[in-house]
Amino acid sequence: MSASEDGSIRQWKRDGESVGEPWKGNGGAIGAMAVSPDETMVVSGSIDGRIRLLNRNNGKMIGNPWEGHNAAVRCLDWSPNARQVASGSEDGTIRRWNPDTGPQITPPIQTCQRVYVIKYSPQGDTFASGGEDNVIRMWSKDGELLVEIRGHDDFVSSLCWSKDGQRIFSGSVDDTIRKWRSIDGGELAVLRGHTNGVTSLCLTADERHLVSASGDYSVRIWN
C-alpha cells in the first residue's frame, strides 16, 4: 500500500500492478499511513491535521475523522495489540487514539517542533519518537518520558525496533544510521555510507540484516 501527496491511497501487487481504484479522501495530501496488525484497517493522516480510519477491504472511512492536531500529521503507528494508534505532527505533539471509538486516550504529549516518526516496541509497553530537534525519546505506555537519546546531528526520520525490544535503530537526515540500547540510550554502533538523509529502516524477519533507504536514491543492506 502507498499514500501520496495527491491525497490518494493505493494498493499494489508485487509486480507493480495496481489493485482496484485509488481511495480518495478530502483532507488533502496524506503525510502518513499505517496498516493495523490484523491488516483489516488502515489509518491515514493528512495535512489538514485530521486522522481517518479506513476499512481495508473497500477503502470506506469508519466513523468520523479524528480531530486534535492543528498541523499536518507526519507519522502514525499501531500498538501491537491494535488497541491504540499513536500520531505525530508538525504541531510538535504526540497523540494517542482509541481506534474503536476515535477519541484521544490521554492528553497530548508536547515534544519538539515537529514529530516525524513514532514506533511502538514489539512488546507494546514502550514507544519511541523522533523529530526536528534530533532527539529520540522513549515513552512508557502511559506517556511518561523514560529516556532521551542524543547523538544525531540532524532530524530523526526513521526508527526500527529489534524483536526483543532491547535495541532500537534510527535513521537521520545527517546521513547516518545509529544503533542504541533502548533501556538507557547507550550508543552501540554508527553506520555510515549513505550520502543523503536516511528515510526508512527495516530489520529482516530473522534480524540478520538491516535494510535502509535514502535520499541518495539507494537501498543498502547491512550486517
Side-chain angles (χ1 to χ4, degrees), residues 31-32 34 45 47 49 51 68-79 84-97 104-162 164-203 210-216 222:
I47 61 168
I51 298 167
H69 288 297
N70 56 31
V73 177
R74 290 301 179 192
C75 51
L76 292 162
D77 196 35
W78 291 79
S79 63
Q84 293 184 17
V85 172
S87 60
S89 167
E90 290 186 1
D91 65 11
T93 67
I94 295 169
R95 297 170 189 260
R96 287 176 293 156
W97 314 81
Q104 294 182 58
I105 297 170
T106 57
I109 301 170
Q110 186 69 46
T111 62
C112 62
Q113 292 179 332
R114 295 179 180 178
V115 183
Y116 288 126
V117 60
I118 190 164
K119 288 290 182 183
Y120 280 96
S121 68
Q123 291 70 34
D125 58 348
T126 310
F127 61 96
S129 66
E132 197 171 36
D133 66 354
N134 314 344
V135 179
I136 302 161
R137 292 178 173 86
M138 313 295 291
W139 308 88
S140 74
K141 61 181 179 180
D142 299 318
E144 176 188 359
L145 179 62
L146 301 175
V147 179
E148 287 190 339
I149 303 175
R150 300 176 185 272
H152 282 296
D153 298 321
D154 210 328
F155 72 74
V156 179
S157 54
S158 51
L159 294 168
C160 177
W161 289 85
S162 62
D164 61 10
Q166 298 300 307
R167 295 161 293 150
I168 190 165
F169 298 84
S170 59
S172 169
V173 174
D174 68 9
D175 307 348
T176 69
I177 299 164
R178 295 172 189 256
K179 178 181 176 182
W180 316 86
R181 284 193 305 267
S182 61
I183 191 169
D184 60 6
E187 188 176 86
L188 301 174
V190 181
L191 306 180
R192 304 181 190 275
H194 283 299
T195 58
N196 206 321
V198 179
T199 57
S200 183
L201 291 174
C202 181
L203 275 172
L210 179 72
V211 183
S212 62
S214 167
D216 63 13
W222 309 82

Handout entry: Taking every non-hydrogen atom, the tightest pair across Ile118 and Ala86
Key = CD1-CB, 3.5 Å
Fill in the blank from the handout: Between the CZ atom in Arg167 and the CG atom in Leu203, the distance rounded to the nearest 0.5 Å is 7.0 Å
Exercise for the section: Specify the closest pair of heavy atoms between Gln123 and Gly165, including all atoms of both residues, with the distance to one decimal. Expected result: OE1-CA, 3.4 Å
Practice task
Inspect the surroundings of CG in Leu145 and state if more than 12 heavy atoms from other residues, nucleotides or ligands are less than 6.0 Å away.
Solution key: yes
Handout entry: Over 12 non-hydrogen atoms of neighbours within 6.0 angstrom of CD in Gln113
Key = no
Problem - Ring geometry between Phe127 and Trp139 (parallel below 30°, tilted from 30 to 60°, perpendicular above 60°) - result: parallel
Handout entry: Pairwise side-chain contact, Glu187 with Arg178, heavy-atom cut-off 4.5 Å (strictly under)
Key = yes
Exercise for the section: Could you verify whether a donor N or O on one side chain and an acceptor N or O on the other, from Ser87 and Trp97, lie under 3.5 Å apart? Expected result: yes
Handout entry: Nearest non-hydrogen partners of Trp180 and Gly151, listed with the distance
Key = CH2-CA, 4.0 Å
Exercise for the section: Determine the minimum heavy-atom distance between Trp161 and Ala128, stating which atoms define it. Expected result: CZ2-CB, 3.9 Å
Handout entry: For Val135 against Arg150, the heavy-atom pair lying closest together
Key = CG2-NH1, 3.2 Å
Practice task
Can you measure from OG (Ser129) to NZ (Lys119) and round to the nearest 0.5 angstrom?
Solution key: 13.0 Å
Problem - Separation between CD1 of Ile177 and OG of Ser158, rounded to the nearest 0.5 Å - result: 7.5 Å
Exercise for the section: Would you check if Arg74 and Arg114 make a side-chain contact, meaning some heavy-atom pair closer than 4.5 Å? Expected result: no
Problem - Side-chain touch Asp77/Val85, heavy atoms, less than 4.5 angstrom - result: no
Problem - Check: His152 and Val173 side chains under 4.5 Å, non-hydrogen atoms - result: no
Completion exercise
d(Arg181 CZ, Met138 CE) to nearest 0.5 Å is 12.5 Å
Exercise for the section: Could you pull out the closest heavy-atom pair between Asp174 and Asp153, with the gap in Å? Expected result: OD2-N, 2.9 Å
Handout entry: No-hydrogen, no-angle side-chain donor-acceptor test under 3.5 Å, Thr106 and Arg96
Key = yes
Could you pull out all donor-acceptor pairs under 3.5 Å where a side-chain atom in residues 190-201 meets a protein atom, sequence neighbours excluded?
{"from": "His194", "atom 1": "ND1", "to": "Asp216", "atom 2": "OD2", "distance (Å)": "3.1"}
{"from": "His194", "atom 1": "ND1", "to": "Ser218", "atom 2": "OG", "distance (Å)": "3.2"}
{"from": "His194", "atom 1": "ND1", "to": "Arg220", "atom 2": "NE", "distance (Å)": "3.4"}
{"from": "His194", "atom 1": "NE2", "to": "Ser212", "atom 2": "OG", "distance (Å)": "2.7"}
{"from": "Thr199", "atom 1": "OG1", "to": "Ala213", "atom 2": "O", "distance (Å)": "3.2"}

Handout entry: Between Glu90 and Tyr116, a side-chain donor and acceptor under 3.5 Å
Key = no
Handout entry: Check: Gln84 and Ile105 side chains under 4.5 Å, non-hydrogen atoms
Key = yes
Completion exercise
CG (Asn134) and CZ (Phe155) are apart, to the nearest 0.5 Å, by 9.0 Å
Practice task
For the residue pair Thr93 and Thr111, establish whether any side-chain heavy-atom pair is separated by less than 4.5 Å.
Solution key: no
Completion exercise
Taken to the nearest 0.5 Å, the spacing of Ile149 CD1 from Leu159 CG works out to 8.5 Å
Completion exercise
Sequence neighbours excluded, the answer for side-chain hydrogen bond (donor to acceptor under 3.5 Å, both in side chains) partners of Asp142 is none
